[in-house]
Amino acid sequence: MSKTFCTLLSVKIFFILLFSFFSIGHSYCQTKDISITEEFIEVNLDDALQRLSKNYQLQFAYNSKVFRNFKITKRLINLSAEEALNKLIENTNYEVKKINTVFVFYPKNQSLSSPSNSTITDFSWSSIVLDYESHEPLPYASILILSNGKGVISNEDGYFSIHHLPSDTSSIIISYVGYQRMTLKLNPKLIAENNPVYLTRNSLISPVSIYGEKKSILSIKQTVQELDVNTIKTLPAVGDQDLFNTVQLLSGIDATGERPGKIHIRGGASDENLILMDGFTLYHIDHFYQLYSTINASAIKHVRIHKGWFEPKFGGRASGIIEIQGKEGNLNFNKTEIGLNFNSANVFFETPLEKSKSSFVFAGRKSISSLYKSNLYQQQFNTIYNQSSPNLNNGNAFLDNNRPVFDYSDANIKFNFIVSDQTKVNFSFFSSKDELLFAQENSSPELGLQINYLDKSTWKNKGYSARWVQKWTTNWFSNLTLGYSNYSSKYIGQDVKKDLWFNTVDTLRNDKTTLLSDFSLRFNNEITLDNHQFGFGLQHTSNKIQYKSINPSLPLFETAQQGTLSTLYFQDNYTWDKIQFLAGIRSSYYNLKKDFFFAPRFSLTYNTKHNWIIKGYYGQNYQVIRNTQRQDLFAGVADIWELADENTPSIKSFQYGLELSKKLVHFEVSATVYQRQVEGALYNLANTPLTFDSPDDSKFSIGVKNIQGLDLQVIKNKGKHKGWISLSLLQVYHVNHNIIPYEFYDDNDQLIEGKIAYTFSQKKWNFSGVFIYGSGKPYTAALGTYSLNLVNENTKKIIVYDLLNQGRLPVYSRLDLSVSRYFFIQGSIAEVGLAFFNVLNTKNTADIRYYAVGRSSDNYQLIEKKTPYMGFTPGIHIKFTF
Amino acid sequence: MFQNHLTYYTTFWLLMALLSLSNCHKPDASAFQENKIVVQGVLIAGANSQSIKIINFDTKNPINDAHVDICHGNDCCNLSTDGNGIYFSGNDLQIYPDSTYRLEISYQEKSISSTTKIPASMTWVSVNNTIITIDTANTGQQVFVASWAIDEDVSFLLTLQNTEENPQSINYSSDPLEFNDFFEAPQANPNITLQDLFFTHYGAYIFTVYAIDKRYEKVFLYQPQLQQIRPESGPDNIQGAFGYFTGVSQLKVNITVNE
């Protein structure tokens, strides 16, 4: 009872802080009246605006690349700022609007300026939503009829069909996360010509990066959240700007592990998430032992995070799906970005191959640790080293000529072809590689021994996809994706013992390799008829896994598995007035166990007259592949993935929840209560010091995982001060296990986690901060030792632990801050940023471990060690865009 | 503004109500939560008296106010304490090979229990010599060879004990061998070969073979000081307390070592 009370109190305090936080900083400066007198002769508009900015301290937001194409000759005499700017752009298709202190230049909305009388009523309209600058399609944009509030969402290729439009002069609102919301007044000409709808991204506009009044950084929806990829680049990051670092700041996703490459969604295990990149599955999503993700933020166009419940179109994992769409490339202009930080160098390049017809994108990133071992690198490596190594005291891996090198790289390449208005094709390639080389020497001259240890770990993941998008009719869309992913994890451990007295050499070597391949086919169709939006398709995944362990002193250990999962799905999203009902089924056949899975999914959404959106959902998910062992720095093991077979069960997840959300004047609020039951949950017994009776020395205990929680999120998408606060209450526990005889908390159980993400832009400056608070996660505490008398009159000192995961680690908290500034150098943009990780240098604890220090089993000391998370760490980055 | 706040709070409390309605549950492991006492006992088949030791885990002080029974089927024998936390059975309790025994303890209204099965009885197959003569000038001789048999998959623990009150040490030219160093761990083979250097003193010895079950063997193999990270918990087979309860059968032979 007292625990519940404390929880309520914490939540209440959190909300009070929330209101306080977002109540500040609403005042803004008024620009004083100025009089402009200038003369421009045959200069481009970009240079003209830069001169005005310099001479009159004006702030502008516009696309410099586009404005460089406009040559102007104008004389301005004693004009106000508004008059001068309007005169400068009078022959362009742009208009200017002042937002706070910044003059923002928008493309003219032709439809707004061409009113006409209505000619048809109650009709359907189909179009595509595109980025104004690059002409890339914008997936999952929201299209809403202003007069009645009804709407649709564009599909993953940007296409949409909207029915029952009241008239051909209706107004519709189009919004997309990270873009300015647009109100479009239809007209017969626009409809007849079937023109695309263009949205403008403010943050691409230079010279100043500002946030438009209607631009959102995060979607309000909870079960499927969309993240503005530019937000990733503005939040603090001491090394690489990281997608998953930002994803972890959303409600319901664990952020207190300091491992962005390890995603836990609503209490699920990290291998229960499907990471889809352009249609192929990523199996290795992290660099540098999960400190970074392998996803290069520069190469991303769109990110969707499905938390727990998915439409029948999605499946194959029990907990979450992260859909990542790579940039398809600018169809109009080329653009290059070069970045550097203390850990890596980054390059991004996009260009049209044939203007408006085809494009090419390249993004590459490589660590610099083989050239320069920065303090940041050393600090991060030592954090991992001390969390993993058997050293009792926190050590420095860089002493005694030891130079561990952790090298990582990744690359994204994409070709995009617009075959016709109805047909598009793109090809995507992804590659990531991590390699750790750690050589250590341990000499004992007094014993005549010299031991050289060498650990080499390699991870590689390559992905390829070909995607065909077809618009058959105005209301039938299809896409076919062929994907192939290839993952390998290798560990080589070699110990060379030299006996200096007898001059002998003894070599111990241990090789472990996992090879995993995934071929997938996804054929999705979408047909809209009246109030129904039907989706159907087939999906097929074929996995092959090989594992090999070579140890000269042991017999060769080799396993191989091959399995296919073939799926058909059907869904109907029916809209009736304020009610939206989605029902569907996903049916799969898994050949390895000859199992049929039927996964029904339902959701019911009701929009109240006060614009509260209430959504209830139920669904089942199935999963047949899992990561049963993670490669560890000193454990000497490779990653192991396994398919469900006669020894390992499939995962079956059942979830239901209720979601409330509302858009308020300044805020968007949402909350979800949910419950999940996961059958076939594994608990890896190697993760616990406890020993259990197991008839066949099984490495896993199999049972049921119960999850329940509450996610709250408040988003502030307007004004200079933007950000969000998220709060999650979570309980994850296991029951009915075959080996562990009692109920126990999961490693990811965490009563409360709160996060604040905040950005503030002023002129050319951008400030941001992140605060994370999390109550302690479970661990298994040692209670002490006792001596046991044996029948041969010897004694044993026995260690006693508490029950599994009964202890709680200390509370976690962290504050990160960053500041960056833009500079303009001859039409290019340079950005310099400083970031500070864990500004308050909070001593957070990753784990509590124990060591038995002594020479014999009847006389040793049990010593407790807290393995620390990273302390205060500064970082700097520079980036050039041209 | 007030309305906005009202809306937030309404939402908040609505959600908290929803949360409280969801089936909050604390993992129930109370049945497995041990009392913080340590119980240990090894029943030895054929021994005159059996003993059980009980101490407080935190203070290591003996516990003398427990009620301790060892039961064989429905026959229970109450053990009495010596005041130092050791409970003796006296002569009333006979431990038979191949039989199952139950330990039942009541302590401060809590029940503690464990069950063990005594391994089957063993028989000697061969013993080459029970009177050994040591030639200190010519050491390294195999002086004792024995083998035994049992109709069960067990492990064997061996002890060699000099029973003289004031034993006279043997002056070897080389260092003698410490029996415990070589035979500390149980072995699977039902035989032994000892060289003279294991006999460090003259006089009477008892060589004992204990048959132990495979679970008790794990206690002998427990070496937490060799585990670099996260040493494992020790073997434990008592419900409601820490410690270990087991039974062994034994086979003995008397050996005399002469000059």
Side-chain angles (χ1 to χ4, degrees), chain A residues 4 8 11-12 15 19 389-390 634 658 660 662 664-667 669 671 673-675 688-691 706 708 710 712 714 729 731 733-735 741-745 783-784 786 788-794 796-801 803-804 806 849-857 860 862, chain B residues 4-5 7-9 11-12 14-16 18-34 36 38 40 42 44 53 55 57-58 60 157-159 180 183-184 210 212 215-216 218-220 222-236 242-244 246 248:
Chain A
T4 310
L8 295 175
V11 174
K12 198 169 178 179
F15 262 67
F19 292 128
S389 82
F634 289 96
L658 184 65
L660 276 98
K662 185 176 170 70
L664 301 164
V665 179
H666 295 288
F667 302 105
V669 295
V673 280
Y674 59 90
Q675 197 148 27
T688 167
L690 298 174
T691 50
N706 289 324
Q708 54 204 13
L710 165 70
L712 298 171
V714 181
L729 305 183
Q731 190 182 40
Y733 62 95
H734 291 254
V735 297
Y742 47 82
E743 298 180 354
F744 60 98
Y745 287 109
L783 298 175
Y786 68 89
L788 189 67
N789 301 318
L790 306 176
V791 72
N792 61 356
E793 296 184 359
N794 289 342
K796 283 275 178 187
K797 200 168 179 180
I798 303 287
I799 300 172
V800 174
Y801 288 93
L803 296 177
L804 179 61
Q806 286 275 310
R849 289 187 176 174
Y850 299 91
Y851 295 80
V853 179
R855 291 187 177 272
S856 66
S857 60
Y860 59 83
L862 185 67
Chain B
N4 280 345
H5 278 70
T7 310
Y8 303 147
Y9 279 106
T11 314
F12 169 64
L14 180 61
L15 282 160
M16 294 317 294
L18 283 170
L19 184 70
S20 63
L21 286 174
S22 68
N23 179 26
C24 279
H25 176 88
K26 189 174 189 284
D28 181 16
S30 55
F32 294 86
Q33 202 82 49
E34 313 288 17
K36 291 186 87 177
V38 179
Q40 49 181 301
V42 180
I44 301 173
K53 185 178 175 186
I55 60 168
F57 175 77
D58 291 324
K60 311 298 183 206
L157 187 69
L158 313 177
T159 62
N180 251 340
F183 297 98
E184 187 182 6
Y210 294 101
I212 63 173
R215 291 178 63 186
Y216 188 43
K218 289 182 179 173
V219 177
F220 291 87
Y222 180 62
Q223 302 275 351
Q225 84 285 0
L226 300 181
Q227 294 175 308
Q228 290 184 311
I229 302 178
R230 211 180 259 146
E232 287 183 348
S233 61
D236 186 337
F242 306 125
Y244 208 87
T246 191
V248 299

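Just so we're on the same page: letters track the sequence lines, and every chain starts at 1.
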Find out whether B:Phe242 and A:Ile798 are in side-chain contact, i.e. whether some heavy atom of one side chain is under 4.5 Å from a heavy atom of the other. no
Give the member of B:Thr159, B:Val248, B:Val42, B:Asn180 that has the highest number of heavy-atom pairs under 4.5 Å with chain A. B:Asn180
Cut-off 4.5 Å, heavy atoms of chain B, and the answer for A:Val800 is side chain
Determine the option with the most heavy-atom pairs under 4.5 angstrom with chain B, choosing from A:Gly784, A:Ser856, A:Gly854. A:Ser856
Hey, is the main chain of B:Gly243 close enough, under 3.5 Å, to the side chain of A:Tyr786 for a donor-acceptor pair? yes
With rounding to the nearest 0.5 Å, note down the distance linking OG1 in A:Thr691 to CD in B:Glu232. 6.0 Å
Relative to chain A, which segment of B:Val219 carries a heavy atom at a distance below 4.5 Å: side chain, backbone, both, or neither? both
So, the part of B:Asp58 with a heavy atom under 4.5 Å from chain A: the answer is neither
Below 4.5 Å, heavy atoms only, C-beta onward: do B:Phe183 and A:Asn792 meet side chain to side chain? no
Donor-acceptor check, side chain of B:Tyr222 to backbone of A:Ser857, threshold 3.5 angstrom: yes or no? no
A:Tyr745 side chain near B:Pro27 side chain, heavy-atom distance below 4.5 Å: yes
Of all heavy-atom pairs between B:Gln225 and A:Arg855, which one has the smallest distance, and what is that distance? NE2-O, 3.8 Å
Measuring heavy-atom distances to chain B, does A:Leu804 have an atom under 4.5 Å in its side chain, in its backbone, in both, or in neither? neither
Please name all residues satisfying ring-ring contact (aromatic ring centres under 6.0 Å, His included) with B:Tyr210, sequence neighbours left out, ordered by chain then number. none
Shortest non-hydrogen contact from B:Pro231 toward A:Tyr801: O-OH, 2.5 Å
Applying ring-ring contact (aromatic ring centres under 6.0 Å, His included), can you list everything that pairs with B:Phe220, at least two apart in sequence or on another chain? B:Tyr216
To the nearest 0.5 Å, what is the distance between CG (B:Asp236) and CG (A:Leu690)? 10.5 Å
Heavy-atom pairs under 4.5 Å with chain B - which of A:Asn706, A:Val735, A:Asn789 has more of them than the others? A:Asn789
Heavy-atom distance under 4.5 Å to chain A: side chain of B:Ile44, backbone, both or neither? side chain
